[in-house]
Amino acid sequence: MGGKKFTDRLVAAGEQKAARDQDRNRRREAIERAVRVPVLIGAGILALVAWWLSGWAMWPWLFGGVGGLVAVLVVARRMPPLWRVTVPLLVVAVWLLTYVNPWWWVLLAGVAVTGAGAAALVMLRLRVRRWRTSGALALGVVMVAAGWVMLAVDAARQARQTQQELNQAHDDAVARILPRTPGSMVNFLAERIARPTPDAVADACFVFAPVARQQLADARRVPDCPAAIRAMAAEVTAAGDYVNNLSLSGQASQSNPDGTLSVDACHLDFSGLTDDTPHTNPGPQIGRLTLAQQRGQGHLIVNYRPC
């Protein structure tokens, strides 16, 4: 009698377990059917966003998408049609995300977790699984905030690096076009002073450092460097002679201990003038210049003193 009761209990327990398993399987199937379309839509949106972030890379679509679809069709023939499309899309999305900043992973995952938590909050209304829903929402918000902040930090760092590279390229370009010797610097200035077009005046001021520009303007008692160049140009009496017969003696320049060059352009030689030309200077003396070589190439006037 006791053995029969024991057997009945075992049978009843087995039937209860089978019923629970059937209920569990039905719930899983219902959930799986309910999430098919949302997951497909989410995978499609994720793939498109990742494609945009990757700079429209095509290889993941060609290999991941097509290859994944073929693999699913061959290996998982019994898989529902929607999942056959969803799985390759997820493969493509993950592959595309390898092209982008990892913090985008955090941000997108945070958006997904926050969306899932919000959906659970609306559907369950915190009647069940309260802590899980609240935790998912909190985690999602934290992930979104962290991803957004770190992406902004990385963008600012990248912008600074890009600006540094641009500044370096600019400085290299400037160094290449600056006059390379004291004589070429003096000739460069004389040519611009003799013919003070707007571009020539700008070129003349270009070879002065900001401090030297102000020193030149102060020496000429004018507000700025362009005005000083034009004031010097007003003293030119014979532009051709000023440009073509000017020479700078070898003793006019000397090296300084700090690596700069001091150039005395207060005793410019116009000995090339013909005998029938009056022996007066056809233009102004330029002044005393201090030249600093830029990146091993041209020179910049870093200090100016009048004659």
Side-chain angles (χ1 to χ4, degrees), residues 38-39 41-65 67-68 86-119 121 133-178 180 202-203 205-214 225 258-260 291-303:
V39 171
I41 295 174
I45 294 174
L46 179 61
L48 291 175
V49 172
W51 192 22
W52 169 62
L53 292 174
S54 68
W56 311 108
M58 292 301 302
W59 293 116
W61 289 102
L62 294 176
F63 291 99
T86 302
V87 171
L89 277 177
L90 289 174
V91 172
V92 170
V94 173
W95 192 341
L96 287 169
L97 285 174
T98 61
Y99 287 74
V100 304
N101 190 319
W103 286 109
W104 277 109
W105 288 65
V106 177
L107 178 60
L108 294 174
V111 171
V113 173
T114 302
L121 178 64
T133 302
S134 301
L137 278 172
L139 178 61
V141 171
V142 170
M143 291 174 69
V144 169
W148 188 267
V149 170
M150 293 309 300
L151 284 172
V153 170
D154 286 349
R157 185 185 302 113
Q158 183 65 35
R160 287 195 301 270
Q161 182 178 351
T162 301
Q163 188 60 49
Q164 290 174 356
E165 293 173 354
L166 291 174
N167 292 340
Q168 183 175 356
H170 174 268
D171 293 343
D172 289 339
V174 168
R176 285 194 296 270
I177 63 178
L178 288 171
R180 293 179 177 268
D203 289 346
C205 290
F206 178 75
V207 299
F208 286 81
V211 173
R213 291 176 200 165
Q214 190 58 49
C225 176
D258 61 356
T260 60
L291 309 183
Q293 193 173 37
Q294 306 296 301
R295 299 180 179 272
Q297 301 187 69
H299 287 81
L300 185 70
I301 301 172
V302 295
N303 187 272

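- Residue pairs meeting the salt bridge (charged side-chain N to carboxylate O under 4.0 Å, His left out) criterion with at least one partner in residues 91-110, sequence neighbours excluded, are absent.
- Contact annotation: the side chain of Trp61 never approaches that of Trp56 to less than 4.5 Å [non-hydrogen atoms, C-beta and beyond].
- The CG atom of Asn167 sits 10.0 Å away from the CD atom of Glu165 when rounded to the nearest 0.5 Å.
- For Asp203, there are no side-chain hydrogen bond (donor to acceptor under 3.5 Å, both in side chains) partners at least two apart in sequence or on another chain.
- Taking both residues in full, the closest heavy atoms of Asn303 and Ala212 are given as N-CB, 3.9 Å, listed atom of the first, atom of the second, then distance.
- A donor-acceptor pair shorter than 3.5 Å cannot be found between the side chains of Asp154 and Gln158.
- The closest side-chain heavy-atom distance from Leu53 to Leu96 is not below 4.5 Å.
- Nearest heavy-atom pair, Phe206 versus Arg213, reported as atom, atom and distance to 0.1 Å: O-NH2, 4.2 Å.
- Using a 4.5 Å heavy-atom threshold, the side chains of Arg180 and Gln297 count as touching.
- The shortest heavy-atom contact between Pro60 and Val92 is O-CG2, 3.6 Å.
- Side-chain contact between Leu300 and Leu291 is absent, with no heavy-atom pair separated by less than 4.5 Å.
- In this structure, Arg160 has no side-chain hydrogen bond (donor to acceptor under 3.5 Å, both in side chains) partners at least two apart in sequence or on a different chain.
- The side-chain heavy atoms of Met58 and Trp51, taken from C-beta on, include a pair separated by under 4.5 Å.
- The minimum heavy-atom distance linking Val302 with Ala292 is given by the pair CG1-CB, 3.7 Å.
- In this structure, Ala43 and Leu89 approach most closely via the heavy-atom pair CB-CB, 4.0 Å.
- Trp52 and Trp104 have perpendicular rings, their planes meeting at more than 60° on a 0 to 90° scale where under 30° would count as parallel.
- Side-chain contact check for Leu108 versus Leu97: some heavy-atom pair is nearer than 4.5 Å.
- In this structure, Trp103 and Ala146 approach most closely via the heavy-atom pair CE3-O, 4.3 Å.
- Side-chain atoms of Met143 and Leu107, non-hydrogen and from C-beta on, never get closer than 4.5 Å to each other.
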